[in-house]
Amino acid sequence: MNCQPPRGHWAIVLFAIGLLAGMGCQQGSDETLRTNSAEVASASSSKEPRVQPATHTKMLMRLRQIADKAPTEHPWMGSKNVETWRNRLAAMGPQTNFTQWLIGYVRLAREEAKQGSEADTIDTLTKAYELLPKLSGKIPLEAENELRYRLALAYLRLGESQNCCAQNTADSCIMPIRGEGIHRRRQGSEQAIRFFEEVLANAPTTSPLWLKAKWLLNLAHMTIEGYPHNVPHKYRIPPDVFKSDEAWPRFVNVAPKMHLETFNLLGGVIVDDFNGDLHLDIIASTYDPTGQMRCFLSNGNGSFSDATEEAQLTGILGGINMEQADYNNDGHVDIFVLRGGWCGELGRHPNSLLRNNGDGTFSDVTFAAGLESKSYPTQTGAWADYDNDGHLDLYIGNEHYSGVQAPSQLFHNNGDGTFTDVAASAGVENMRFAKGVSWGDYDRDRFPDLYVSNMLGLNRLYHNQGDGTFVDVAEEAGVALPKASFPTWFWDYNNDGHLDIYVATNLGVSESLANVVNSYMGVSLTGETAHLYQGNGTGRFRNVARQANLEQHVLPMGVNFGDLDNDGYLDFYLGTGYPDYEALMPNVMYHNQGGERFADVTFSGGFGHLQKGHGIAFADLDNDGDQDVYAQLGGAYPGDRFNDALFENPGSANHWIAVRLIGTQSNRSAIGAQIKITIDGRDSQIFRTVNSGGSFGANPLRQTIGIGEAENVQQLEIFWPTSGKTQIFHDIPADVLIRIVEDEEELQVHNLTPVSLH
């Protein structure tokens with residue numbers, strides 16, 4: 001994205017005042033296959049931690065070097081500009097004109113705001129504000145209003161820090177604000193209201209700034225119980241705007257009571273069973289290059305313990321996103337960590353392949369695996385067995401643009417613990433600014449195809465030709481747009497047996513919040529919105545976003561999907577925002593209405609968290625059969641940290657079945673395997689493909705599938721693309737976890753014991 005200031009003297013002032021949106025992070029034995037959870041737990045607890053290999057130490061040293069340089073070199077984290085502008089202001093004397101003082105103050109305030117120095121930011125902007133009478137008539141009104149707006153925003157952020165951050169509760173920052181989300185310390189919001197009203201009184205009502213100030217004024221009143229009655233009528237947003245499309249049971253954020261202390265910047269999340277005890281665990285990362293990855297293991301009783309140190313993950317720093325898979329087919333789920341996104345040439349940080357040793361520890365084997373011959377800025381990657389040899393391969397979508405040559409990478413798994421980058425010979429280097437990637441066999445020829453979502457460029461649909469090469473068919477398939485695209489995924493949202501594609505937009509520019517507000521207000525929209533491409537199985541797609549009620553401006557970053565009410569149709573959650581502190585907009589939940597359209601249930605369901613949303617995971621964390629939602633929250637600047645959220649599903653009357661597949665000829669994780677469930681004759685079928693979901697955040701590879709009112713599954717079909725074989729099972733009871741091994745005639749049934757999250 002072009003981050004150069006606009007031309008003209010006062011345009012430079014405006015550029016200085018505004019916070020930039022940013023550029024816009026061997027086969028196991030049969031005995032192993034049959035190990036039950038109790039045996040795994042016992043074996044894990046009895047083993048001594050494995051000695052880490054030299055490659056692990058090498059990675060720790062490299063990450064420590066990056067962390068040490070972050071304060072001066074990292075484009076989002078660095079603090080050196082604060083001192084630079086303080087020194088410049090200190091050097092100004094009586095001869096300095098007021099315009100130079102104004103520019104100096106607003107530039108300093110911008111850098112202080114990045115670092116989270118709210119009091120200093122307010123003090124500096126107040127000094128600039130006090131210059132306005134001396135500059136009356138000498139500077140554009142637009143510059144005056146932008147300064148007032150930034151001062152209001154600084155006070156609003158102060159209120160967030162003193163309340164939502166310092167005293168995080170189940171209701172904190174969930175729109176519309178209520179209950180324990182009301183601010184006890186009111187100064188921040190009260191002062192923000194004062195300056196937002198000044199903006200509204202002086203700015204043109206047709207300007208994006210006026211619209212943004214109106215939105216944030218109403219939000220500020222919400223935080224101190226002043227909405228709607230204390231909002232001046234001419235600035236009031238009608239309460240109906242904050243109503244959902246349909247009634248929905250409220251999901252409560254239980255993270256504050258569960259001691260999941262993850263107060264940090266944006267990052268990724270994986271929910272999966274990392275120790276084989278059938279209970280789902282949580283791994284969370286952070287974009288902060290000095291920030292520690294966190295491992296929370298389930299205790300099996302609804303609580304989690306921080307096992308980061310025991311897992312030997314101490315020193316594994318940073319990580320804008322993560323994806324999991326059993327890359328070496330040893331029966332243990334491994335982790336791939338992506339780094340360097342949004343940092344351009346300075347983002348050549350090594351990614352990490354963390355091998356699960358099976359004894360409760362992880363080893364970084366990146367260098368030994370051949371995955372770091374070249375490092376590029378990235379935030380997106382995905383696993384698949386593209387050549388059907390039984391070993392999982394890895395595609396990394398890198399951020400290429402005019403200033404950074406960053407071809408995307410396709411690492412072929414050699415089957416011996418090493419990988420080879422074959423992107424050039426395979427024809428998938430992309431050479432565009434990749435923001436999301438997803439694998440899916442859209443034409444059902446057994447070979448997974450690849451969709452790449454590119455920022456400010458056409459998207460790619462790489463058709464797998466089955467010989468190790470791919471060809472881009474995006475334009476002829478009708479899926480090349482939108483151009484400002486970001487997260488994406490393959491799924492079958494309407495259960496017709498054909499894969500569809502969702503791809504969202506997020507450019508993150510100064511007008512973005514105004515577009516979101518217009519969308520909520522029902523104003524006719526301009527610019528690109530999300531595309532929902534419905535597949536027909538022949539290689540062609542059509543955009544049905546309008547018919548499906550998905551053409552709102554929502555600006556997602558982290559995304560994922562799951563079935564909230566176990567009706568058999570996939571719903572999805574969007575973690576929204578962009579780097580600027582003004583990006584206070586609710587994260588959005590869409591409920592799938594029978595595969596025909598989607599209803600926005602954000603507000604009625606309690607999902608409208610205002611903090612920036614990144615890694616999202618749908619997972620049954622309490623073993624009750626319905627999927628809870630984990631949201632990794634936080635921004636890119638050091639001052640924009642926040643706690644993650646965990647929305648507990650209150651449940652429904654519908655039934656479910658969980659399916660854990662284990663490949664033998666196919667990859668052990670069964671990624672790419674296809675599931676077809678028949679519950680009531682051939683007219684009631686449900687389709688799933690095993691993967692971790694969307695392109696930012698990772699669901700468990702174990703599939704939890706809603707079956708509606710059915711009390712059993714009449715027929716379950718598993719298709720294994722590697723071998724081309726299909727397994728069929730009949731009359732499976734509902735509400736159980738089943739374990740299916742490729743080529744074995746019998747399945748195993750596990751009854752999970754529900755627990756209370758605490």
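Just so we're clear, the structure is a prediction, and the values are computed from it rather than from any experiment.
In the model, D306 has a side-chain atom that pairs as donor or acceptor with a side-chain atom of T308 under 3.5 Å. With hydrogens and angles left out, the side-chain atoms of D563 and Q627 include no donor and acceptor closer than 3.5 Å. Between the side chains of S692 and E323, at least one donor N or O lies within less than 3.5 Å of an accepting N or O. When only modelled atom types and interatomic distance are considered, S352 and R339 share a side-chain donor-acceptor pair under 3.5 Å. Side-chain N/O atoms of T169 and D171 include no donor and acceptor closer than 3.5 Å. For the residue pair T704 / D620, no side-chain donor-acceptor distance below 3.5 Å is found, with atom types taken as modelled. Inspection of the N413 and Y327 side chains reveals no N or O donor paired with an N or O acceptor under 3.5 Å. In this structure, a donor-acceptor pair under 3.5 Å is absent between the side chains of N691 and T689. Under 3.5 Å, the side chains of H332 and N357 contain no donor-acceptor pair of N or O atoms. For the 3.5 Å distance criterion, the side chains of N430 and R460 qualify, holding a donor opposite an acceptor.
When atom types are taken as modelled, the side chain of Y395 and the backbone of V428 share a donor-acceptor pair closer than 3.5 angstrom. Side-chain N or O atoms of Q312 include none that pairs as donor or acceptor with a backbone N or O of E310 at under 3.5 Å. With hydrogens and angles disregarded, a donor-acceptor distance shorter than 3.5 Å links the side chain of Q115 to the backbone of M77. With hydrogens and angles ignored, the 3.5 Å screen pairs no side-chain donor or acceptor of T529 with any backbone N or O of H553. Remark: side-chain polar atoms of S485 are not paired, donor with acceptor, to backbone N or O of T505 under 3.5 angstrom. A donor-acceptor pair is defined here as one N or O able to donate and one able to accept, closer than 3.5 Å; no such pair exists between the side chain of Q632 and the backbone of G697. Within the 3.5 Å criterion, the main-chain N or O of I396 finds no donor-acceptor partner in the side chain of T378. A donor-acceptor contact shorter than 3.5 Å links the side chain of N649 to the backbone of L564. Of the possible donor and acceptor atoms, none in the side chain of T290 sits under 3.5 Å from a partner among the backbone N and O of A67. A donor-acceptor contact shorter than 3.5 Å is absent between the side chain of T361 and the backbone of A311.
With a 4.5 Å cut-off on side-chain heavy atoms, M455 and L507 count as touching. Put simply, the side chain of T223 does not reach to within 4.5 Å of the side chain of N163, judged on heavy atoms. Inter-residue side-chain proximity for E160 and E118 is flagged as unmet; no heavy-atom pair is nearer than 4.5 Å. Side-chain contact between L265 and W76: absent, with no pair of heavy atoms (C-beta onward) separated by less than 4.5 Å. You'll find the side chain of R250 reaches within 4.5 Å of the side chain of I174, heavy atoms only. Looking at F572 and L550, their side chains come closer than 4.5 Å, going by heavy atoms from C-beta outward. In this structure the side chain of E309 never reaches within 4.5 angstrom of the side chain of Q292, judged on heavy atoms. Residues S695 and V437 are not in side-chain contact: their nearest non-hydrogen atoms beyond the backbone lie 4.5 Å or more apart.
Aromatic ring pairs are classed by plane angle as parallel below 30°, tilted from 30° to 60° and perpendicular above 60°; the pair H74 and H349 is tilted.
Annotation for K257: atom NZ counts as buried by contact number, over 12 foreign heavy atoms lying within 6.0 Å. Atom CD of Q167 has more than 12 heavy atoms from other residues, nucleotides or ligands within 6.0 Å.
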> Given the rule in the side chain to side chain contact (heavy atoms under 4.5 Å, CB included) test, do L450 and L410 qualify, once you have shown the distances and angles that lead to the verdict?
Replying inline: CA-CA 11 Å; L450 178 65; L410 175 59; over 6 Å; no

>> With side chain to side chain contact (heavy atoms under 4.5 Å, CB included) as the criterion, how do L456 and Y401 come out once you've worked through the C-alpha distance, each side chain's angles and the decisive distance to 0.1 Å?
In response: CA-CA 10 Å; L456 298 179; Y401 64 105; over 6 Å; no

>> Under the criterion side-chain hydrogen bond (donor to acceptor under 3.5 Å, both in side chains), I'd like the reasoning laid out for S408 against N398: C-alpha separation, chi angles, the key distance, then a yes or no.
In response: CA-CA 5 Å; S408 292; N398 294 317; 4.9 Å; no

>> Pair D277, L297 - check side chain to side chain contact (heavy atoms under 4.5 Å, CB included), show working.
In response: CA-CA 10 Å; D277 65 356; L297 292 183; over 6 Å; no

> Under the side chain to side chain contact (heavy atoms under 4.5 Å, CB included) criterion, do N623 and L278 qualify, and how do the steps go?
Replying inline: CA-CA 9 Å; N623 286 342; L278 299 185; over 6 Å; no

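To the nearest 0.5 Å, the span separating CG on L60 from CG on L317 amounts to 8.0 Å. Atom CD of E372 is separated from atom CE of M59 by 5.5 Å, given to the nearest 0.5 angstrom. In this structure, the separation between CD on Q324 and CG on D272 is 4.5 Å, given to the nearest 0.5 Å. Separation of atoms CZ (F367) and OG1 (T55) is listed at 8.5 Å; rounding is to 0.5 Å. The CZ atom of F419 lies 7.5 Å from the CG atom of D393; values are rounded to the nearest 0.5 Å. Between the CG atom of D334 and the OG atom of S669 there is a distance of 7.5 Å, given to the nearest 0.5 Å.
Take F647 and apply the ring pair (Phe, Tyr, Trp, His ring centres under 6.0 Å) test, not counting sequence neighbours, and it matches F607. Evaluation of the salt bridge (charged side-chain N to carboxylate O under 4.0 Å, His left out) rule for D120 yields R86 as partners, not counting sequence neighbours. Evaluation of the salt bridge (charged side-chain N to carboxylate O under 4.0 Å, His left out) rule for D640 yields R157, K612 as partners, not counting sequence neighbours.
When all heavy atoms of Y630 and A284 are compared, the closest pair comes out as OH-CB, 4.3 Å. E582 approaches L513 most closely through the heavy-atom pair O-CD2, 3.3 Å. Nearest heavy-atom pair, V404 versus G344, reported as atom, atom and distance to 0.1 Å: CG2-C, 3.6 Å. When all heavy atoms are compared, the tightest approach of E112 to V82 is N-CG2, 4.0 Å. Of all heavy-atom pairs spanning C165 and F263, the tightest one is CB-CE1, 3.9 Å. Closest non-hydrogen pair, S363 versus P53, comes out as OG-CD, 3.5 Å.
Using a 4.0 Å cut-off between a side-chain N of Lys or Arg and a carboxylate O of Asp or Glu, E73 and K80 do not qualify as a salt bridge. Remark: R641 engages D288 in a salt bridge, criterion side-chain N to carboxylate O under 4.0 Å.
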